[in-house]
*Asks:* 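Here's a structure for you.
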Amino acid sequence: MTGFVDIAKIIDGKKDNEQVNVRGWLWNSRSSGGILFLMIRDGTGILQCTVNKRNVDEANYNKLEKLTQESSLEVSGIVKKDQRALNGYELSVNNLGTVYIAQPDFPIAKKDHGLEFLMDNRHLWIRDPKLMNIFRIRSKFMESARKYFWENEYTEIQSPSFQTGACEGGSTLFEVKYFERKGVYLSQSWQLYAEAMMSSVGKIFTLAPSFRAEPSRTRRHLSEFWHLECEEPWSNLNNINETGDRLVCYIAHKLANEMPREVKNAGRDPNELLKLKPPFPKITYDEAVEIVQKSGTEMNWGDDFGWQQEEPLTKEFETPFWVRGFPTGIKPFYHMPDPARPEVTLSSDLLAPEGYGEIIGGGQRVHDYDQLVQRIINDGFIPEDYGWYTDLRKWGTVPHSGFGLGVERVLCWMLKLEHIRDAIPFPRDMRRVYP
RNA sequence: UCCUCGGUAGCUCAACGGUAGAGCAUUCGGCUGUUAACCGAAGGGUUGUAGGUUCGAAUCCUACCCGGGGAGCCA
């Protein structure tokens with residue numbers, strides 16, 4: 001058998017009444033006397049393949065009738081529109097190609113399972129059509145993110161995963177023991193290296209994993225997440241917010257326009273993504289504190305948003321919105337204090353609506369040497385430990401800005417997912433590194 | 001790290017101090033339009049681990065292991 005058709009093409013209605021070959025894995029099968037219903041998935045979708053005893057020879061019929069779940073097979077037949085079939089189209093099978101019989105004990109039954117069991121069998125659970133659908137959208141997400149930056153003449157850069165300094169607070173570092181020098185950690189962000197590379201090639205971005213050893217076990221946290229970060233020379237807070245607006249809208253529109261069926265199946269109406277338009281609303285940190293206090297939740301000026309503070313805030317908006325000007329004390333040293341008001345920084349977080357919360361964090365960086373050294377000291381670090389980083393301000397410093405976006409968090413919001421673990425094939429947290 | 005809930009057949013659960021049970025899955029048989037198909041039969045157990053209380057423990061107590069949800073913090 002040669003020349004196979006993607007199931008996605010069939011259920012999009014592009015092969016109606018044609019004789020085609022399909023190959024994939026048997027998701028489920030049912031029989032009723034002389035008629036067999038095979039649900040075949042091929043990575044692009046699921047197709048009901050109907051086998052009538054009268055249309056195939058007896059040997060093939062018997063073979064198909066005995067197929068175990070997850071057996072892989074090639075079939076050919078005629079595509080027919082049929083409302084009784086899942087997805088509206090079915091294949092009326094008339095021939096059978098290669099078959100690989102699976103063992104009869106596939107663990108993931110056509111039945112409810114507990115999360116512990118499913119996570120222990122994540123390597124098989126990812127075949128689930130719901131998950132498969134999300135991972136295909138995730139791929140489009142990565143493609144769109146890169147396309148946005150490429151089209152806007154950013155250079156893609158890779159930074160090291162082994163680093164010697166903290167840039168997001170020391171308690172969340174993963175220490176790596178292999179190196180002869182002490183104090184080597186997995187990257188939490190490309191931030192410090194980005195600022196170095198920026199002075200080489202200008203506007204840059206990266207798409208890479210970041211590691212946070214936060215003992216957090218919530219539906220919004222991963223120990224290893226994919227980080228989309230960018231850094232721009234000659235850029236201030238307003239400029240970088242604009243980049244964030246346009247990037248997020250670009251990705252949202254790409255997903256909605258190029259994978260509407262998949263986005264809908266994941267749980268989000270594509271039209272809601274198409275409605276997003278830059279710029280997103282902006283409020284100050286001070287205003288955000290007032291909104292939270294008015295909602296009856298406790299919060300003092302100077303506190304960071306916990307989940308309890310963030311949730312009432314995100315319910316006020318229907319699109320993502322920026323919170324700008326966080327207090328100097330709660331942002332890392334590389335954030336630039338506002339010259340007009342040094343108690344706050346030129347920083348901003350983008351919060352997604354519907355309770356999804358923070359998806360981007362960034363802002364304008366400190367470009368003055370003395371100010372940076374003072375900020376490092378104030379954060380309780382030793383400037384000598386950041387020697388190469390402070391060097392950057394000695395030669396050719398320039399106002400610059402950047403941000404980091406959590407890929408899985410944005411996917412969660414855009415696809416209306418309930419848990420961040422579904423946005424990544426093999427999620428990691430402190431209780432889960434296998435499989 | 002802390003709080004909280006849980007661990008019984010391959011899976012989902014019941015039994016809550018007195019002989020360990022059901023549905024699904026698996027195997028076999030039946031059914032020509034099924035949608036987690038349905039109907040009939042069969043096989044399937046050291047109740048997470050280690051101690052303790054008791055005539056008797058899946059059940060009560062202690063410790064540990066594993067996991068779900070959440071908090072602080074973050075993308």
Side-chain angles (χ1 to χ4, degrees), chain A residues 27-39 46 48-55 61 65-66 68-69 80 82-88 90 92 102-121 124-125 128-129 167-173 188-191 208-229 244 303-310 326 330-332 349-352 356-362 403-413 418-421 423-424 429-432 434:
Chain A
W27 179 243
N28 190 6
S29 80
R30 296 179 279 270
S31 71
S32 182
I35 190 162
L36 261 175
F37 301 96
L38 309 174
M39 312 302 288
I46 296 194
Q48 171 165 299
C49 300
T50 306
V51 189
N52 194 309
K53 206 168 193 167
R54 290 191 295 253
N55 295 345
Y61 188 85
E65 197 180 20
K66 292 209 161 65
T68 48
Q69 190 184 0
K80 287 182 176 162
D82 195 319
Q83 290 203 326
R84 292 170 295 189
L86 177 79
N87 291 324
E90 69 174 18
S92 183
Q103 289 188 44
D105 49 0
F106 186 65
I108 305 194
K110 301 170 275 186
K111 189 73 181 165
D112 282 342
H113 294 282
L115 260 177
E116 182 177 1
F117 175 80
L118 287 171
M119 287 309 294
D120 285 343
N121 289 282
L124 303 172
W125 187 23
D128 184 280
C167 57
E168 301 289 336
S171 64
T172 67
L173 288 163
Q188 299 171 301
S189 162
W190 82 328
Q191 184 57 41
S210 280
F211 306 89
R212 305 271 168 101
E214 285 152 7
S216 302
R217 304 183 18 73
T218 76
R219 63 187 60 202
R220 309 182 308 286
H221 283 91
L222 293 168
S223 303
E224 176 181 3
F225 68 95
W226 281 76
H227 213 168
L228 177 62
E229 298 180 272
D303 292 347
D304 209 345
F305 297 109
W307 181 240
Q308 282 181 335
Q309 287 78 35
E310 209 171 273
F326 286 86
I330 57 173
K331 284 288 175 186
D349 284 359
L350 185 66
L351 307 196
Y356 282 96
E358 186 176 354
I359 51 175
I360 286 182
F403 63 74
L405 173 154
V407 168
E408 289 81 12
R409 284 208 181 158
V410 176
L411 275 169
C412 258
W413 157 60
E418 270 175 23
H419 202 294
I420 199 163
R421 74 173 141 243
I424 186 167
D429 66 44
M430 62 190 306
R431 288 192 194 163
R432 187 58 79 176
Y434 177 95

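Chain identifiers are assigned alphabetically (A, B, ...) following the order of the sequence lines, protein sequences preceding nucleic acid strands; residue numbering begins at 1 within each chain. Any value given below was found using the heavy atoms of this structure, including those in side chains, with hydrogens, waters and symmetry copies removed. Computed from a predicted structure; not experimentally measured.
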*Asks:* Within the structure shown, what part of the strands sits under 4.0 Å from A/L222 by heavy-atom distance: base, sugar-phosphate, or nothing?
*Replies:*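 The residue A/L222 makes base contact.
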*Asks:* Could you work out the separation of B/G33 and B/U49 based on their P atoms and round it to a whole Å?
*Replies:*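 B/G33 and B/U49 have their P atoms separated by 49 Å.
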*Asks:* Across the strands shown, which category fits A/P104 at heavy-atom distances under 4.0 angstrom: base, sugar-phosphate, nothing?
*Replies:*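 If one applies the 4.0 Å heavy-atom cut-off, A/P104 turns out to touch the sugar-phosphate alone, with no base involved.
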*Asks:* For atom P, what is the distance between B/U1 and B/C64, given to the nearest Å?
*Replies:*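 Here B/U1 and B/C64 have their P atoms 12 Å from each other.
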*Asks:* Which of these nucleotides, B/G70, B/A36, B/G68, is closest to any side-chain atom of A/N28?
*Replies:*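 My answer, after comparing the listed nucleotides, is B/A36.
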*Asks:* Under 4.0 angstrom, heavy atoms only, what part of the nucleic acid is A/R54 near: base, sugar-phosphate, or nothing?
*Replies:*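 The residue A/R54 makes base contact.
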*Asks:* In terms of side-chain geometry, is the basic nitrogen of A/D429 or A/R431 positioned less than 4.0 Å from the acidic oxygen of its partner?
*Replies:*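 The answer is no: the pair does not qualify as a salt bridge.
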*Asks:* Considering only the C1' atoms, how many Å lie between B/A58 and B/C13, rounded to the nearest integer?
*Replies:*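 These two C1' atoms come out 14 Å apart once rounded.
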*Asks:* Does a nitrogen or oxygen in the side chain of A/R220 sit under 4.0 Å from OP1 or OP2 of B/A75?
*Replies:*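 It does not, given that no N or O in the side chain of A/R220 lies less than 4.0 Å from OP1 or OP2 of B/A75.
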*Asks:* Would you tell me if any nitrogen or oxygen in the side chain of A/H113 comes within less than 4.0 Å of OP1 or OP2 on B/A36?
*Replies:*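 For A/H113, the contact criterion (side-chain N or O under 4.0 Å from OP1 or OP2 of B/A36) is not met.
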*Asks:* Is A/E408 touching bases, backbone alone, or none of the nucleic acid, heavy atoms closer than 4.0 Å?
*Replies:*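 Since no nucleic acid heavy atom lies under 4.0 Å of A/E408, the category is nothing.
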*Asks:* Nearest of B/A71, B/A75, B/G33 to any side-chain atom of A/H221?
*Replies:*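 Looking only at side-chain atoms, A/H221 lies closest to B/A75.
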*Asks:* For atom C1', what is the distance between B/C38 and B/U19, given to the nearest Å?
*Replies:*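 Approximately 35 Å lies between the C1' atom of B/C38 and that of B/U19.
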*Asks:* Take atom P in B/U47 and the same atom in B/A57, then report the distance between them in whole Å.
*Replies:*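 12 Å, rounded to whole Å.
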*Asks:* For A/D105 and for A/E358, find the nucleotide of RNA chain B with the closest heavy atom, then tell me which residue's nucleotide is more 5'.
*Replies:*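 Whichever sits nearer the 5' end wins; that is A/D105.
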*Asks:* Tell me the interatomic distance from A/R431, atom CZ, to B/G6, atom P, rounded to whole angstroms.
*Replies:*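 After rounding, the reported distance stands at 14 Å.
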*Asks:* Expressed as a whole number of Å, how far does the P atom of B/U59 sit from that of B/A20?
*Replies:*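 Each nucleotide's P atom is 13 Å from the other's.
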*Asks:* At under 4.0 Å between heavy atoms, what does A/D82 touch on the DNA or RNA strands: base, sugar-phosphate, or nothing?
*Replies:*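 Touches a base.
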*Asks:* Is the phosphate of B/C38, meaning OP1 or OP2, less than 4.0 Å from a side-chain N or O of A/R30?
*Replies:*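 For A/R30, the contact criterion (side-chain N or O under 4.0 Å from OP1 or OP2 of B/C38) is not met.
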*Asks:* For residues A/S29 and A/M39, determine if any side-chain heavy atom of one lies less than 4.5 Å from a side-chain heavy atom of the other.
*Replies:*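 In short, these two side chains do not touch, never coming nearer than 4.5 Å.
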*Asks:* Look at all strands and tell whether A/L405 reaches a base, only sugar-phosphate, or nothing, counting heavy atoms closer than 4.0 Å.
*Replies:*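 The residue A/L405 makes no contact with any strand.
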*Asks:* How would you label the contact of A/E90 with the nucleic acid (heavy atoms, under 4.0 Å): base, sugar-phosphate, or nothing?
*Replies:*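 Base, at least one base atom sits under 4.0 Å.
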*Asks:* Kindly point out which of B/G69, B/U32, B/C74 is positioned nearest to the side chain of A/D304?
*Replies:*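 Closest nucleotide among those given: B/C74.
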*Asks:* Would a 4.5 Å heavy-atom cut-off, applied to side chains only, mark A/R432 and A/D120 as touching?
*Replies:*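 Yes - at least one pair of side-chain heavy atoms lies under 4.5 Å apart.
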*Asks:* Using a heavy-atom cut-off of 4.0 Å across all strands, would you classify A/S210 as base, sugar-phosphate, or nothing?
*Replies:*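 Contact class for A/S210: none.
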*Asks:* Of the nucleotides B/U34, B/U32, B/G70, which one has an atom closest to the side chain of A/N52?
*Replies:*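 That would be B/U32.
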*Asks:* I want to check one thing: is the phosphate of B/G69, taken as OP1 and OP2, less than 4.0 Å away from some side-chain N or O of A/R217?
*Replies:*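 Yes.
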*Asks:* Taking atom C1' in both B/G18 and B/U4, what distance in whole Å separates the two?
*Replies:*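 One C1' to the other, the span is 33 Å.
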*Asks:* If you check the A/R84 side chain, which of B/G70, B/U34, B/A75 turns out closest?
*Replies:*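 The listed nucleotide nearest to A/R84's side chain is B/U34.
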*Asks:* From the options B/G68, B/U34, B/C11, select the nucleotide whose nearest atom is closest to the side chain of A/F117.
*Replies:*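 Of all the options, the side chain of A/F117 is nearest to B/C11.
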*Asks:* Looking only at non-hydrogen atoms, find the nearest pair between A/S31 and A/L36 and report the distance.
*Replies:*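 Looking at all heavy atoms of both residues, the closest pair is CB-CD2, 3.7 Å.
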*Asks:* Regarding A/E418, tell me which of base, sugar-phosphate or nothing describes its non-hydrogen contacts under 4.0 Å with the strands shown.
*Replies:*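 Nothing, no heavy atom under 4.0 Å.
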